[in-house]
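Side chains are part of it too, since the values below use all heavy atoms of this structure and drop only hydrogens, waters and symmetry mates. We count residues from 1, following the sequence as given.
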Amino acid sequence: METRVHAEVVEWLEERQGRFIAISDEIWANPELGLAEKKACALQANELARDGFTITGNIGGLETAFMAEWSQGEGGPVIGFLGEYDALPGLSQKNQCTREPLVPDGPGHGCGHNLLGTAALAAASVVKAWLQHSGMPATIRYYGCPAEETCEGKVFMARAGAFDDLDLAITWHPGSVNTVWAGSSLAVNNITYRFRGRTAHAAANPETGRSALDAVELMNIGVNYLREHMPEKARIHYVITNGGGAPNVVPDDCEVWYFIRSPERQQVEELTERVRRIAEGAALMTETSVEVNFLSGAYNMLSNQVICEHMMRVLEELGPIPFTEEEHAYARQIVESFPRELRASILTQEKLPEELIDQALNGDVWPIRDRGDVMPGSTDVADVSWIAPTAQLTTATWALAIPGHSWAVTATGAMSIGHKGMLHAAKAMAITAVDVIRDPELLRRAKAEFMEATGGKPYRCPIPPDVRPRTPGVQTAT
């Protein structure tokens with residue numbers, strides 16, 4: 001790797017860091033749930049338009065999805081940076097190290113997506129500046145992707161062909177250490193089952209009623225018995241979104257919401273069919289009807305090892321994040337809010353040394369630890385990874401060994417810990433893209449690996465053609 005070019009990229013990014021921090025903090029201060037990220041979408045799109053990018057909105061029929069593109073010359077690669085900006089419900093938190101919501105029960109960036117989208121935007125902007133300076137041909141894109149938490153945004157965008165001509169996709173995710181993710185994730189289907197029966201007075205004439213709630217509960221019982229007979233790493237979980245209105249009224253309209261996950265897409269499809277049959281059986285037993293509403297689905301992640309290895313070398317070249325004593329003290333107050341045994345279990349899950357339990361913040365660079373593993377969660381980045389070679393990294397933006405999707409993540413999202421991790425990620429992603437542009441052989445090897453991994457088969461979107469994006473306002477965590 002050529003450090004002179006890398007130094008130029010880092011210098012240009014650091015010169016513009018105030019602009020990027022301001023964007024991230026503005027999104028943090030105005031958290032919006034999936035598919036309702038109107039402020040974040042407009043803020044980022046307008047910023048990139050001022051920077052000379054061409055903006056295409058309403059990608060895949062999603063009001064808060066957009067693509068920003070800048071191109072120079074002919075014959076160069078098309079490189080996309082994937083950004084997100086949706087918040088999570090109930091994770092509002094003041095910009096401080098003790099728990100206190102800004103808005104009771106309000107949304108907050110408890111997954112760091114204000115940082116995620118802004119770092120990807122920053123990388124796209126800086127690579128564009130480098131291209132103008134170097135004169136090399138390439139097309140740079142930033143994708144503003146909504147509703148990652150429900151695995152929707154990128155999947156609807158993929159169905160619309162937004163990623164079809166990409167040569168490479170690069171992204172990242174906030175976290176507690178600096179490393180590259182080279183493993184997989186669980187494929188998922190996101191489905192509601194709505195039962196309709198017949199209402200009645202539950203005391204006076206219950207025999208005339210047909211309970212939709214009975215159907216929901218019988219379905220859940222059937223699915224719980226299914227757990228013994230499904231792949232070991234599969235996961236099925238649900239919430240009852242509507243269980244009726246009053247105990248003395250036989251409910252005629254009830255709904256349960258399921259996530260069905262497994263390490264392989266085909267396994268998810270097979271499990272979904274078995275769950276559907278259980279739902280139909282529950283309807284038959286209760287003399288009700290069932291309506292199956294497919295909300296979204298996503299693939300398992302296909303990490304490109306060629307780019308992952310190169311990105312790892314970039315992180316090693318950049319070195320640790322230099323956190324200050326004040327930042328360590330801030331993180332220390334956060335981690336003291338969580339039981340020691342919980343933090344120890346998180347370190348074990350993340351394959352980090354147990355002695356780190358006495359640290360609150362870690363800026364070191366860690367080797368790849370998840371190659372061959374399946375992350376016990378899902379992401380719509382996975383769908384992009386089946387369309388083009390895709391790689392992602394993570395950097396330290398929150399305290400060490402704390403739960404994700406918690407107030408403690410929100411608490412570092414708009415202060416120096418989050419800012420430093422965000423800028424570090426932007427540097428690593430931008431340098432990786434510049435190296436790919438300068439080294440066609442690197443991209444050729446990445447594409448060869450991708451073709452072997454996919455068997456040359458085209459991507460098939462898991463969302464049926466007739467399914468439209470849902471109405472904003474409903475949210476769950478990945």
Quiz prompt | Flag for Ser24-Asn114: side-chain donor and acceptor within less than 3.5 Å | solution =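 Note: Asn114 and Ser24 side chains meet the donor-acceptor criterion.
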Quiz item: Any side-chain donor paired with an acceptor under 3.5 Å for Ser262 and Gln267?
Solution: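 The criterion, which ignores hydrogens and geometry beyond distance, is satisfied for Gln267 and Ser262.
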Let me confirm one number: the [atom1]-[atom2] distance from [X] to [Y], rounded to the nearest 0.5 Å.
{"X": "Leu115", "Y": "Asp25", "atom1": "CG", "atom2": "CG", "result": "8.5 Å"}
{"X": "Trp172", "Y": "His424", "atom1": "CH2", "atom2": "NE2", "result": "10.5 Å"}
{"X": "Glu84", "Y": "Cys145", "atom1": "CD", "atom2": "SG", "result": "6.5 Å"}
{"X": "Arg444", "Y": "Asp439", "atom1": "CZ", "atom2": "CG", "result": "10.0 Å"}
{"X": "Leu295", "Y": "Asn190", "atom1": "CG", "atom2": "CG", "result": "4.5 Å"}
{"X": "Ile21", "Y": "Glu26", "atom1": "CD1", "atom2": "CD", "result": "14.0 Å"}

Should the pair [X]-[Y] be classified as a salt bridge under the 4.0 Å nitrogen-to-oxygen rule?
{"X": "Lys420", "Y": "Glu14", "answer": "no"}
{"X": "Arg343", "Y": "Asp358", "answer": "no"}
{"X": "Arg313", "Y": "Glu317", "answer": "no"}
{"X": "Glu449", "Y": "Arg445", "answer": "no"}

4.5 Å side-chain heavy-atom contact, [X] and [Y]:
{"X": "Leu423", "Y": "Leu13", "value": "yes"}
{"X": "Ile170", "Y": "Ile79", "value": "yes"}
{"X": "Lys447", "Y": "Pro389", "value": "yes"}
{"X": "Leu361", "Y": "Trp398", "value": "no"}
{"X": "Leu33", "Y": "Glu149", "value": "no"}
{"X": "Asn300", "Y": "Glu264", "value": "yes"}
{"X": "Leu121", "Y": "Ile23", "value": "yes"}
{"X": "Thr139", "Y": "Trp70", "value": "no"}

Quiz item: Do the side chain of Arg265 and the main chain of Val188 share a donor and acceptor less than 3.5 angstrom apart?
Solution: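 Here the side-chain-to-backbone pair exists.
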Quiz item: Taking only residues two or more places apart in sequence or in another chain, which ones pass side-chain hydrogen bond (donor to acceptor under 3.5 Å, both in side chains) with Lys94?
Solution: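 If we apply the side-chain hydrogen bond (donor to acceptor under 3.5 Å, both in side chains) test to Lys94, skipping adjacent residues, the hits are Glu100.
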Quiz item: Of all residues at least two apart in sequence or in a different chain, which pass the side-chain hydrogen bond (donor to acceptor under 3.5 Å, both in side chains) check with Glu15?
Solution: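 For Glu15, no residue satisfies side-chain hydrogen bond (donor to acceptor under 3.5 Å, both in side chains) once neighbours in sequence are set aside.
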Practice problem: Scan residues 354-393 for pairs that pass ring-ring contact (aromatic ring centres under 6.0 Å, His included), counting only residues two or more places apart or in two chains. | Solution: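 Sorted result for residues 354-393: Tyr299-Trp386.
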Quiz item: What pairs meet the ring-ring contact (aromatic ring centres under 6.0 Å, His included) rule with one or both residues in residues 131-161, with sequence neighbours excluded?
Solution: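 Every pair satisfying ring-ring contact (aromatic ring centres under 6.0 Å, His included) with a residue in residues 131-161: Trp12-His133, Phe66-Tyr142, Tyr143-Phe163.
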Practice problem: Check step by step if salt bridge (Lys or Arg N to Asp or Glu O under 4.0 Å) holds for Arg470 and Glu152. | Solution: CA-CA 9 Å; Arg470 64 176 172 84; Glu152 291 175 90; 2.7 Å; yes
Heavy-atom closest contact ([X] atom, [Y] atom, distance):
{"X": "Gly421", "Y": "Ile321", "answer": "CA-CD1, 3.9 Å"}
{"X": "His109", "Y": "Val409", "answer": "O-CG1, 4.0 Å"}
{"X": "Ile463", "Y": "Gly297", "answer": "CG1-N, 3.9 Å"}

Exercise. Enumerate the residue pairs fulfilling side chain to side chain donor-acceptor pair (under 3.5 Å) with a member in residues 52-64, sequence neighbours excluded, ordered by first and then second residue.
Key: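 Every pair satisfying side chain to side chain donor-acceptor pair (under 3.5 Å) with a residue in residues 52-64: Glu37-Thr64.
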Self-check item: Pairs flagged by salt bridge (Lys or Arg N to Asp or Glu O under 4.0 Å) wherever residues 362-390 is involved - sequence neighbours left out
Solution: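 Every pair satisfying salt bridge (Lys or Arg N to Asp or Glu O under 4.0 Å) with a residue in residues 362-390: Lys154-Asp380, Glu309-Arg371, Lys351-Asp373.
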Practice problem: Can you establish whether the number of heavy atoms outside Glu355 located under 6.0 Å from its atom CD is more than 12? | Solution: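 More than 12 within 6.0 Å, yes.
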